[in-house]
Amino acid sequence: MPIKNPVSDKDLNSDHYFQKVFDVTSLIPVGRVTTYGAIADFLALGSARMVGWALNNCHSQDDKIPAHRVVNRLGELSGRNHFATPTLMQDRLEKEGVLIKDDKVVKMDVHFGIRREIADY
DNA sequence: GACCTGACGCCCC
DNA sequence: AGGGGCGCCAGGT
């Protein structure tokens with residue numbers, strides 16, 4: 001065999017994984033937020049860390065991906081420093097009616113939802 | 001190739 | 001009840 005088998009369907013480390021994360025993120029409605037872990041659980045693929053890794057790459061796709069609606073488990077805006085300006089994430093959320101205080105969503109129980117399942121969207 | 005560093009989160013004090 | 005340890009998995013050095 002002259003060449004190695006080019007098939008490497010790892011699903012992870014491929015653009016396919018990025019696309020899945022972007023697709024799920026796009027499902028989050030205005031005024032709601034979700035978490036890195038919830039996305040990882042929903043996909044049953046990768047980990048919360050990898051969702052952050054994928055989201056970090058979302059600039060290559062489109063600005064249409066509402067990455068500002070993804071926060072950490074405690075509701076903290078842990079990704080705010082990766083936006084064009086450090087306040088952009090908070091600005092967008094507040095514009096959608098999500099109250100932020102000290103870089104944190106004030107009422108996660110309201111905005112994240114009681115059942116914490118993306119499938120509900 | 002070992003080691004560190006993350007847009008994280010569970011477990012255990 | 002808040003803080004530290006550690007697994008996670010890809011990239012960079």
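First the proteins, then the strands, lettered A, B, ... as listed; each starts at 1.
Side-chain N/O atoms of R73(A) include one lying less than 4.0 angstrom from OP1 or OP2 on dC10(B). For the OP1/OP2 pair of dC8(B) and a distance below 4.0 Å, the side-chain nitrogens and oxygens of S78(A) include at least one atom meeting the criterion.
The distance from atom CH2 of W53(A) to atom P of dC9(C) is 12 Å, rounded to the nearest whole Å. Distance, N57(A) CG to dG12(C) P: 10 Å, rounded to whole Å. Atom P of nucleotide dA1(C) and atom CG of L74(A) are separated by 15 Å, given to the nearest angstrom. As a whole-Å value, the separation of E76(A) CD from dC8(B) P is 9 Å. The distance between atom CG of L45(A) and atom C1' of dC8(B), rounded to the nearest whole Å, is 16 Å. Between the CG atom of D41(A) and the C1' atom of dG7(C) there is a distance of 15 Å, given to the nearest Å. Note: CE (M108(A)) to P (dG9(B)) measures 9 Å, nearest angstrom. Regarding L43(A), its CG atom lies at a distance of 19 Å from the P atom of dC8(C), rounded to whole Å.
Residue pairs meeting the salt bridge (Lys or Arg N to Asp or Glu O under 4.0 Å) criterion with at least one partner in residues 83-103 of chain A, sequence neighbours excluded, are R69(A)-E96(A), R80(A)-D103(A).
For Q19(A) and D23(A), the side-chain atoms include at least one donor-acceptor pair closer than 3.5 Å.
Within the 4.0 angstrom heavy-atom criterion, base atoms lie near N56(A). A54(A) comes within contact range of no nucleotide atom at all, as no heavy-atom separation falls under 4.0 Å.
Of all heavy-atom pairs spanning T35(A) and V70(A), the tightest one is C-CG1, 4.0 Å.
Note on I28(A): it does not cluster hydrophobically with V106(A), by side-chain heavy-atom contacts below 4.5 Å among ILVMFWY residues.
The side chain of C58(A) has dA7(B) as its nearest neighbour among dG9(B), dA7(B), dC9(C). Of the listed nucleotides (dG9(B), dG6(B), dA7(B)), dG9(B) has the atom at the smallest distance from the side chain of N72(A).
Without hydrogens or angle criteria, H111(A) side chain to G31(A) main chain gives a donor-acceptor distance under 3.5 Å.
Rounded to a whole angstrom, the distance from the P atom of dG5(C) to that of dC4(B) is 15 Å.
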